[in-house]
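All values derive from a computational prediction rather than experimental measurement. Worth knowing before you read on, the calculation uses all heavy atoms, side chains too, and leaves out hydrogens, waters and symmetry mates.
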Amino acid sequence: MTRRDSPPENADALDGVFRLQEDVFARKGLLEIGYAPEPRHIVARNEEIRRLATALNPAIGGGAPNNTFLYGKTGAGKSLCARYATGRIVDAASENGVSIARATIDCSQEDTETRAVRALAREINDPDETRIDVPETGFGRSRYYRLLWDVLDSRHDVALVVLDEIDRLENDELLLQLSRAEETGKLSRCSVGIVGISNKVRYRERLQERVKSSLQEREIIFAPYSRDDLREIIRSRSEAFRRGVLSDEVLSTCASLASEEHGDARKAINLIRHAGELAVGEESETITVDHVQSADTLAERDRFQTLFEGATAQQKATLLAIVSLALVERSRTFRTTDVYAAYEDVCADAGLTVLSKRRVHDLLREWEFLEVLDITRTGDGRARGSYLRLHLIEDPSVIRPVFDESSRFAGVGPTSGATATTWSNI
């Protein structure tokens, strides 16, 4: 036996991890992000599904479906309902002899017009039937559009195009092209319906007027799930665990923690999965409330660590200013003027250039986009005027350790202002 193959001194203690384990999970796949739940697992969204199906219904007979935008916070069930409703429409149309192409484009990945139209053409195309090749590279935007129109007219009566995270597209030209394809003669046979999905309710305000006019879309707002809804969502996935593993108290704790974050169903499901993994690590036969609470802290820290690693030094400085205020003031809501003053202190201590108020506002908006902050305009009456108010969604006690681990900000010891008070009181 070579030195590399020699067993470690504590080999007996490791034996357990190399044997098939009976743990709390029965069908863990039911808790994975990519899992497409059965209809019985879709909770509290019948009205939204009904409205979307009504908008798309003309496609069943080969007519032009209505463009529809779905708005709501992350984890509100928008993508789930879009997948379910469009799937049912495709099946119903097939029974009537109508061919519908359905494609879902992740605009966070395919964020340029060229990438998006290329991905759309490739997903819809079947080269064995169309005899059309859609290469991954080598063509310009206009060529990919021509291929898309050829593919659609050669095979389909209707196309349902789901644009997930539509607000991540760099411009709205794709929407214009898709919504006007028939009118401009690009398509002679196939009609196109767009289902746009966004976390940003005001996304439409960013569109060009000609795009708004062309789309004429319907809007469906997905309200956050309630605590009771979230409990039922978790209960609907209970088949992922062995019998007797979950208690009502654990379900309620998961639902309560997730409802605090805008009723996020993804968080609720991820939370119970992480809690199960902690139980497995402890060789526990059940999931406890302690497992859930520990999983919540770890999940939030991991999520924020990922966001933090991708941020610039100036982005980190704006956030550190808010975290500092939150820990000192025992509040999570502040005026932008207070945040900017704290930001100046952070820059002084970290040796960063102080940016203008407008640029700092833009950086704060980026944290809002990542759902770390909420920014609203409010006021104290006519005498004092309106102002922007920032609310820190994330728990500052979860964010603080991430700063401690960052080489850029580790060891920063403010000597004045809000941040000085923060570090001296933590």
Asks: Please answer whether the main-chain N or O of Ser256 pairs with a side-chain N or O of Ser259 as donor and acceptor at a distance below 3.5 Å.
Replies: yes

Asks: Could you check whether atom CZ of Arg88 has more than 12 heavy atoms from other residues, nucleotides or ligands sitting under 6.0 Å from it?
Replies: no

Asks: Could you tell me whether a side-chain N or O of Thr68 sits under 3.5 Å from a main-chain N or O of Asn66, the two making a donor and an acceptor?
Replies: yes

Asks: Quick one about Arg141 and Tyr145 (side-chain donor to acceptor, distance below 3.5 Å, no hydrogens or angles considered), yes or no?
Replies: no

Asks: Do Arg273 and Asn270 have side-chain atoms, one donor and one acceptor, less than 3.5 Å apart?
Replies: yes

Asks: Backbone N or O of Ile233 within a donor-acceptor pair of the Ser236 side chain at under 3.5 Å?
Replies: yes

Asks: Does the pair Asp296 and Lys267 meet the rule for a salt bridge (Lys or Arg N to Asp or Glu O under 4.0 Å), with working shown?
Replies: CA-CA 9 Å; Asp296 183 47; Lys267 174 172 180 176; 3.1 Å; yes

Asks: For the residue pair His291 and Ser294, confirm or rule out a side-chain donor-acceptor distance under 3.5 Å.
Replies: no

Asks: Can you establish whether the number of heavy atoms outside Glu282 located under 6.0 Å from its atom CD is more than 12?
Replies: yes

Asks: Show the numbers, then the answer: is there a salt bridge (Lys or Arg N to Asp or Glu O under 4.0 Å) between Arg231 and Asp228?
Replies: CA-CA 5 Å; Arg231 186 169 56 244; Asp228 289 341; 2.7 Å; yes

Asks: With a 4.5 Å cut-off on side-chain heavy atoms, are Asn67 and Gln216 touching?
Replies: no

Asks: Roughly how far, to the nearest 0.5 Å, is the CD1 atom of Ile220 from the CZ atom of Arg51?
Replies: 5.0 Å

Asks: To the nearest 0.5 angstrom, please state how far the CG atom of Leu169 sits from the OG1 atom of Thr112.
Replies: 8.5 Å

Asks: After noting the C-alpha distance and the side-chain angles of His274 and Leu298, does the key distance pass the side-chain contact (heavy atoms from CB on, under 4.5 Å) rule?
Replies: CA-CA 9 Å; His274 290 317; Leu298 292 172; over 6 Å; no

Asks: Would you mind reporting whether Val354 and Tyr340 have side-chain heavy atoms less than 4.5 Å apart?
Replies: yes

Asks: For Thr253 and Glu249, indicate whether the former's side chain and the latter's backbone hold a donor-acceptor pair under 3.5 Å.
Replies: yes

Asks: Apply salt bridge (Lys or Arg N to Asp or Glu O under 4.0 Å) to Lys212 and Asp172, showing your working.
Replies: CA-CA 10 Å; Lys212 295 178 185 178; Asp172 48 18; over 6 Å; no

Asks: So which atom in Ala64 and which in Pro58 form the shortest heavy-atom distance, rounded to 0.1 Å?
Replies: O-CB, 3.5 Å

Asks: May I have the step-by-step check of side-chain contact (heavy atoms from CB on, under 4.5 Å) for Leu175 and Leu163, ending in yes or no?
Replies: CA-CA 10 Å; Leu175 301 181; Leu163 299 175; 3.5 Å; yes

Asks: For side-chain contact (heavy atoms from CB on, under 4.5 Å), just list the numbers for Arg359 and Gln314, CA-CA rounded to whole Å, side-chain angles, deciding distance to a tenth of an Å, and then say yes or no.
Replies: CA-CA 10 Å; Arg359 181 60 185 131; Gln314 286 288 352; over 6 Å; no

Asks: Do Leu174 and Ile105 have side chains that approach each other closer than 4.5 Å (heavy atoms only, starting at C-beta)?
Replies: no

Asks: If you round to the nearest 0.5 Å, how far is CG of Asp157 from CD1 of Ile60?
Replies: 13.0 Å

Asks: Please check if the side chain of Asp111 supplies one atom and the backbone of Arg168 the other of a donor-acceptor pair under 3.5 Å.
Replies: no

Asks: As a quick check of understanding, evaluate side-chain contact (heavy atoms from CB on, under 4.5 Å) for Ser214 and Leu176, giving each step before the final call.
Replies: CA-CA 7 Å; Ser214 181; Leu176 184 66; 4.3 Å; yes

Asks: What closest approach, in Å, do Val162 and Ile197 show between heavy atoms, and which atom pair accounts for it?
Replies: CG1-CD1, 3.8 Å

Asks: When rounded to the nearest 0.5 angstrom, what is the spacing between CG in Asp23 and CD in Glu283?
Replies: 10.5 Å

Asks: Run the salt bridge (Lys or Arg N to Asp or Glu O under 4.0 Å) test on Glu170 and Arg115 for me, step by step, so that the C-alpha distance in whole Å, both residues' side-chain angles and the decisive distance to 0.1 Å come before the verdict.
Replies: CA-CA 11 Å; Glu170 67 175 9; Arg115 289 175 185 167; over 6 Å; no

Asks: Report yes if some heavy atom in the side chain of Leu178 is under 4.5 Å from a heavy atom in the side chain of Leu148; otherwise report no.
Replies: yes

Asks: Of Thr286, Leu30, Leu246, which is the lone residue that meets side-chain contact (heavy atoms from CB on, under 4.5 Å) with Phe241?
Replies: Leu246

Asks: Output yes when a side-chain donor or acceptor of Ser238 lies under 3.5 Å from a complementary backbone atom of Arg235, and no otherwise.
Replies: yes

Asks: Using modelled atom types only, decide if a donor and an acceptor are shared between the side chain of Lys78 and the backbone of Lys73 within a distance under 3.5 Å.
Replies: yes

Asks: So, the side chain of Thr54 versus the backbone of Arg50: is there a donor-acceptor pair under 3.5 Å, distance only?
Replies: yes

Asks: For the residue pair Val192 and Val161, establish whether any side-chain heavy-atom pair is separated by less than 4.5 Å.
Replies: yes

Asks: Using distance alone, with no hydrogens and no angle criterion, decide if Gln208 and Glu173 have a side-chain donor and acceptor under 3.5 Å apart.
Replies: yes

Asks: What is the distance from atom CZ of Arg400 to atom CG of Leu327, rounded to the nearest 0.5 Å?
Replies: 7.0 Å

Asks: Is there a donor-acceptor contact under 3.5 Å from the side chain of Arg122 to the main chain of Val134?
Replies: yes

Asks: Answer yes or no: is there a donor N or O on one side and an acceptor on the other, between the side chain of Glu329 and the main chain of Ala326, under 3.5 Å?
Replies: no

Asks: Minimum heavy-atom separation for Ile287 and Ile272, please, with both atom names.
Replies: CD1-O, 4.3 Å

Asks: We want to know whether Thr74 and Asn199 form a side-chain donor-acceptor pair, criterion being a heavy-atom distance below 3.5 angstrom.
Replies: yes

Asks: If you count every heavy atom of other residues, nucleotides or ligands that lies below 6.0 Å from Glu136 atom CD, does the total exceed 12?
Replies: no

Asks: With no hydrogens and no angle check, just 3.5 Å: does a side-chain donor-acceptor pair link Asp229 and Ser226?
Replies: yes

Asks: Answer whether the closest heavy-atom distance between the side chains of Lys357 and His361 falls below 4.5 Å.
Replies: no

Asks: I'd like to check Val24 versus Arg242 (side-chain heavy atoms, cut-off strictly below 4.5 Å). Are they in contact?
Replies: no

Asks: Heavy atoms only: give me the nearest Asp167-Arg206 pair and the separation to one decimal.
Replies: O-NH2, 3.1 Å

Asks: Should Arg83 and Asp164 count as an ion pair when the cut-off is N to O under 4.0 Å?
Replies: no

Asks: Is there a side-chain contact between Ile322 and Ile399, using heavy atoms and a 4.5 Å cut-off?
Replies: no

Asks: I need the minimum non-hydrogen distance between Ala159 and Cys190, along with the two atoms involved.
Replies: N-SG, 3.7 Å

Asks: Tell me whether Lys28 is salt-bridged to Glu277, with the criterion being a basic N under 4.0 Å from an acidic carboxylate O.
Replies: yes

Asks: Looking at every non-hydrogen atom in both residues, tell me the closest pair between Leu152 and Ala101 and how far apart they are.
Replies: CD2-CB, 4.3 Å

Asks: What class does the angle between the rings of Tyr71 and Phe69 fall in, given that below 30° is parallel, 30 to 60° is tilted and above 60° is perpendicular?
Replies: perpendicular

Asks: How far does CG of Leu271 sit from CG of Leu31, to the nearest 0.5 angstrom?
Replies: 11.0 Å

